[in-house]
Amino acid sequence: MVTASSPPTPPVAFLVFNRPACTAQVFARIRAARPARLFIVADGPRPDRPGEREKCEQVRRLIEEGIDWPCEVARDYSEVNLGCGQRVASGLTRVFAQVEEAIILEDDCLPDPTFFRFCAELLEKYRHEPKVGLISGSHHQLNSTDEGESYYFCRYGNIWGWATWRRAWQKFDHGMSEWPQWRDSGGLESFFPAKKVRNFWRRTWNQAARDRRDGWAYAWTFCYLRHGLLGILPRMALVENIGFGSDATHTANAEAAQPRAGAMTFPLRHPVAIEPDFAAEARASERFFSGRSFLDRVQVRLARLGRKFFP
């Protein structure tokens, strides 16, 4: 909800596809924040999925019918299926051709109302700080219960609800053209001293460079790491992913355990220095970026097979 003390909500880019129920929940939070500019980026239906065209149309209709506040709306509706990777990459590139900064929400990323103020204040504070590349609404840790800083800096960002600037997105290269040379010249060793973490990112970025249709997030991670940018992560998660399930594109099970979203306390308590929290980064590496267990791999494979044969 927008209050008299809240800064204006920055432009919001809403990335949607074929899930009306999730979309409705997230859009209700956007509607309450009342951004003056709204970008709707929608992918088109897959021709081999019965009923998907109707779901895509339902998603677009519920957004159109729900825009009841003064708002400049830009619609980027694809009539063909571009895939998650190309749809997000092309959509956000169009967004940042028009605005200097924006909040990005996918249809399954449910923000606490304070997320919008958190992003607004930090987009302004770090607008001209070249070290900072994105503001995340979620993190890789357990929620903090102390009264310390409101957020920390980390070389890992998180794109379950986030914000960035044109200056940072301009570094995005979906094709990861710098990856082979950087990998082969020791770039991984310079960033990641732990072998299992290096191996995780080598596998992940090799795959991301090969498959651009259904992925964009790992390419974005590579690009901002490659350019030495830091992410801002809140100590209290402000966004919760509600998209786990059989109809999810990349989160078919709950393997990526997450803290429950809560409300940010204001005024924000800022870190003294713009330096990465290496302890938090090490915990994230151990939990998420050190390779999957055998059981995790089996669960993911079964989920993918289920989506293939029982769409």
Side-chain angles (χ1 to χ4, degrees), residues 12-31 38-67 73-95 104-111 159-162 172 174-176 204 207-220 239-256 258 292 296-311:
V12 172
F14 192 25
L15 313 178
V16 300
F17 180 32
N18 67 352
R19 292 191 283 180
C22 289
T23 301
Q25 292 184 65
V26 178
F27 183 67
R29 299 291 172 86
I30 296 173
R31 181 170 172 261
L38 175 64
F39 295 86
I40 309 168
V41 179
D43 205 358
R46 293 165 290 192
D48 60 340
R49 299 297 178 99
E52 190 163 86
R53 178 170 296 279
E54 290 75 16
K55 290 181 179 179
C56 290
E57 291 173 352
Q58 184 180 351
V59 162
R60 299 176 189 190
R61 187 166 57 250
L62 73 84
I63 296 172
E64 295 286 354
E65 293 174 352
I67 301 172
V73 182
R75 299 165 179 84
D76 186 355
Y77 292 170
S78 178
E79 295 309 313
V80 298
N81 186 263
L82 300 176
C84 178
Q86 187 59 40
R87 175 66 292 198
V88 174
S90 63
L92 291 185
T93 297
R94 289 192 181 99
V95 169
I104 299 100
L105 284 166
E106 295 184 65
D107 59 5
D108 57 0
C109 295
L110 184 66
I159 48 79
W160 286 354
W162 57 294
F172 177 69
H174 199 192
M176 297 176 62
T204 297
Q207 177 63 30
R210 288 193 299 266
D211 180 13
R212 286 183 280 169
R213 175 176 171 80
D214 289 324
W216 65 274
Y218 284 130
W220 170 227
V239 178
E240 185 172 338
N241 192 302
I242 59 172
F244 295 117
S246 61
D247 60 346
T249 303
H250 295 118
T251 52
N253 59 23
E255 63 170 330
Q258 60 174 330
R292 291 189 178 119
D296 286 337
R297 293 196 298 270
V298 170
Q299 289 176 331
V300 171
R301 181 62 59 85
L302 289 175
R304 288 174 177 168
L305 286 173
R307 292 200 304 276
K308 179 179 180 180
F309 293 107
F310 303 101

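The closest donor-acceptor contact from the side chain of Arg19 to the backbone of Asp107 lies at 3.5 Å or more, if one exists at all. No donor-acceptor distance shorter than 3.5 angstrom exists from the side chain of His174 to the backbone of Arg213, with no hydrogens or angles considered. Within the 3.5 Å criterion, the main-chain N or O of Ser78 finds no donor-acceptor partner in the side chain of Asp43. A side-chain donor-acceptor contact under 3.5 Å links Arg29 to the backbone of Pro111. Between the Asn81 side chain and the Gly44 main chain, a donor and an acceptor come within less than 3.5 Å of each other.
Here the options are Ile67, Leu38, Ile63, the test is side-chain contact (heavy atoms from CB on, under 4.5 Å), and the partner is Ile30; only Leu38 passes. When Arg49, Glu52, Lys55 are each tested for a side-chain hydrogen bond (donor to acceptor under 3.5 Å, both in side chains) with Asn18, only one passes: Glu52.
By the 6.0 Å contact criterion, CZ on Arg60 is enclosed, its count of non-hydrogen atoms from other residues, nucleotides or ligands being greater than 12.
Taking both residues in full, the closest heavy atoms of Ile242 and Cys22 are given as O-SG, 3.8 Å, listed atom of the first, atom of the second, then distance. Across all their heavy atoms, Leu92 and Ala13 have their closest contact at CD2-CB, 4.1 Å.
Aromatic ring orientation, Trp220 versus Phe172: perpendicular (interplanar angle above 60°, classes split at 30° and 60°).
Of the N and O atoms on the side chains of Arg61 and Gln58, not one donor lies less than 3.5 Å from an acceptor on the other residue.
Here the CZ-CG distance, from Phe14 to Leu105, works out to 7.0 Å after rounding to the nearest 0.5 Å.
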